[in-house]
Colleague: 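Sharing a structure below in structure tokens format, with a few things to ask.
Naming: A, B, ... by sequence-line order, numbering from 1 per chain.
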Amino acid sequence: MTVPTSPMRRWLQSRRARRAGGARTNDEWVAAVRGRDADGLADLRVVLVEALRPTLRRLAPAQAEAMAEDFAQEGLLRVLDRVDSFRGEARFTTWAVKVAVRLAYTELRRLRWRDVSLDDLLEAAPGAAPSADLEAPDAALAADERVRLVRELVAEALTDRQRTAIEAVMLRGMPLAEVAVRMGTNRNALYKLLHDARQRLKRELEARGYGPDDLLADDP
Amino acid sequence: MTLTPAVLKALLRGAARTRPDEIGCDECYQELDRFAELALAGRDAAEALPLVADHLAKCGNCREEFEGLLEGLRALQPRPLRSLFRRGR
């Protein structure tokens, strides 16, 4: 999947994208998109390609150019579909880039994790996930009374779904959005589920005499 | 389930930093374009939209999308002609 681009062609594309970004007011952009204006849509597509390129070069360098084109096209369709939800609180092109960036990240995560089921993930030996805290060796942390208490509270006070989400996201490193798909929910609801878990832990810890300062202090 | 001490410590910190008025990913996404424009303009986006800043500090997926949005918006900012001769950009 490669799209040949010369430095000159790319520079011309960049210049067109930067000019197109500022060439219309928000109202003009919305009218162009709603009216399926060919020039407007072509300009917006160029804007999206240019905006997606740096992130894709960083995340998928070998396929960045082709992906930028593909995701810009898909992003354009999504913008067409959702233009009525644009609230005008930012520039139209900023909003459109946001839509395309969300789409690109969602697809990249899906591709990265597509062969991993939740069962496989939870059964695998931990270690692949990035450690949440490298400041202290595990032995020192394990000796921390607060850490021992949290371990008990996770087992006793949280729900099965909360424990599953914590393990998948925090221990195994699967993105929230991908865990949500596998748990039959969505990313927003899963964030809320984890928020409720954190709140429950906080209440239980406070009931045992640990205030926020005690919890954040580095040393036991 | 065996959570490692490092994950338990992260949970401890997460519990300490939990606030009752946290917003979710959907609400964060709604405000993300405005937040990004404030940040790019050099304004204090976290002061203007503190709940968005709080969510971005706690949600890795939203944070990486915010960084991708910033990268994209920077690419659309005016660039001098000499960038044509800078290879590998």
Colleague: Strictly distance-based, threshold 3.5 Å: is any side-chain N or O of S85(A) a donor or acceptor partner for the main-chain N or O of R82(A)?
Modeller: yes

Colleague: Counting heavy-atom pairs under 4.5 Å with chain A, which one of N61(B), L8(B), L12(B), L73(B) comes out on top?
Modeller: N61(B)

Colleague: Please look at L205(A) and chain B and tell me whether the side chain, the backbone, both or neither of the residue comes under 4.5 angstrom of a heavy atom of that chain.
Modeller: side chain

Colleague: Does R19(B) offer a backbone N or O that forms a donor-acceptor pair with the side chain of E22(B) under 3.5 Å?
Modeller: yes

Colleague: Give the minimum heavy-atom separation between E65(B) and V101(A), together with the two atoms involved.
Modeller: O-CG1, 3.5 Å

Colleague: Under 4.5 Å from any heavy atom of chain A, what part of C28(B) do you find: side chain, backbone, both or neither?
Modeller: neither

Colleague: When you measure from the side chain of R151(A) to the backbone N and O of L3(B), does any donor-acceptor pair fall under 3.5 Å?
Modeller: yes

Colleague: Can we say D54(B) and K58(B) salt-bridge, meaning some charged N sits less than 4.0 Å from an Asp/Glu carboxylate O?
Modeller: yes

Colleague: Is NZ or CZ of R146(A) both nearer than 6.0 Å to the six-membered ring centre of Y210(A) and within 45° of the ring axis?
Modeller: no

Colleague: Please look at R87(A) and chain B and tell me whether the side chain, the backbone, both or neither of the residue comes under 4.5 angstrom of a heavy atom of that chain.
Modeller: side chain

Colleague: Quick check: are there more than 12 heavy atoms from other residues, nucleotides or ligands sitting under 6.0 Å from CD of E47(B)?
Modeller: no

Colleague: Given the options C25(B), G14(B), G72(B), which has more heavy-atom pairs under 4.5 Å with chain A than any of the others?
Modeller: C25(B)

Colleague: What option among K202(A), K98(A), H195(A), E204(A) has the most heavy-atom pairs under 4.5 Å with chain B?
Modeller: K98(A)

Colleague: Let's test your reading of the structure: which of R102(A), Q199(A), R58(A) forms the most heavy-atom pairs below 4.5 Å with chain B?
Modeller: R102(A)

Colleague: Within a 6.0 Å radius of atom CZ on R208(A), are there more than 12 heavy atoms belonging to other residues, nucleotides or ligands?
Modeller: yes

Colleague: Between R16(A) and D43(A), does any side-chain N to carboxylate O distance fall below 4.0 Å?
Modeller: yes

Colleague: Checking L40(B) against chain A: side chain, backbone, both or neither under 4.5 Å from a heavy atom?
Modeller: neither

Colleague: Tell me, side chain or backbone of V46(A) under 4.5 Å from chain B's heavy atoms, or both, or neither?
Modeller: neither

Colleague: Under 4.5 Å from any heavy atom of chain A, what part of Y29(B) do you find: side chain, backbone, both or neither?
Modeller: both

Colleague: With a 4.5 angstrom heavy-atom cut-off, could you sort out which part of R203(A) is near chain B: side chain, backbone, both or neither?
Modeller: neither

Colleague: Between R15(A), R200(A), R109(A), R91(A), which residue shows the highest count of heavy-atom pairs closer than 4.5 Å to chain B?
Modeller: R109(A)

Colleague: Name the option with the most non-hydrogen atom pairs under 4.5 Å to chain A; the candidates are Q30(B), R34(B), E64(B).
Modeller: E64(B)

